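Worksheet: the structure to be examined is printed underneath.
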Amino acid sequence: MKPRDVDPTDVRVLERNYDYAQKNVWLLAMWYECETKRMVELLAKHGIELSRNDRRQFGAYYRSLQRSREM
């Protein structure tokens, strides 16, 4: 029996991994081997709220992404 492939960008997987990374975009980006900007884009795309610390650093970019998706 072949194990089921897991999509790391699936909203449930991404949210769980963000929790595992202690709600730290920088750490999650390291795990995903991508830039922090890309990680913020993925979180915004799926509506996963940033932690208070991440909002301080990436909040403006995150909000701009969400606003652009609403239009």
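Predicted, not measured: the structure shown is a model, and the values here were computed from it.
Applying the salt bridge (charged side-chain N to carboxylate O under 4.0 Å, His left out) rule to pairs touching residues 12-37 yields D10-R12, D19-K23, sequence neighbours excluded. Sorted pairs that involve residues 49-63 and meet salt bridge (charged side-chain N to carboxylate O under 4.0 Å, His left out), not counting sequence neighbours, are lacking altogether.
Residues passing the side chain to side chain donor-acceptor pair (under 3.5 Å) test with T9 are D7, sequence neighbours excluded. When the side-chain contact (heavy atoms from CB on, under 4.5 Å) test is applied to W26, the partners found at least two apart in sequence or on another chain are N24, M30, T36. The side chain to side chain donor-acceptor pair (under 3.5 Å) search around Y61 returns E41, not counting sequence neighbours.
For the atom pair L65 CG and L43 CG, the distance stands at 10.0 Å (nearest 0.5 Å).
Taking the side chain as every heavy atom from C-beta outward, M39 and L27 never approach each other to under 4.5 Å. Counting heavy atoms from C-beta on, the side chains of V25 and Q57 never come closer than 4.5 Å.
When all heavy atoms of I48 and Y18 are compared, the closest pair comes out as CG2-CD2, 4.0 Å. The two atoms that bring N17 and W31 nearest to each other are O-CZ3, 3.8 Å, heavy atoms only.
Between the Y32 side chain and the P8 main chain, a donor and an acceptor come within less than 3.5 Å of each other.
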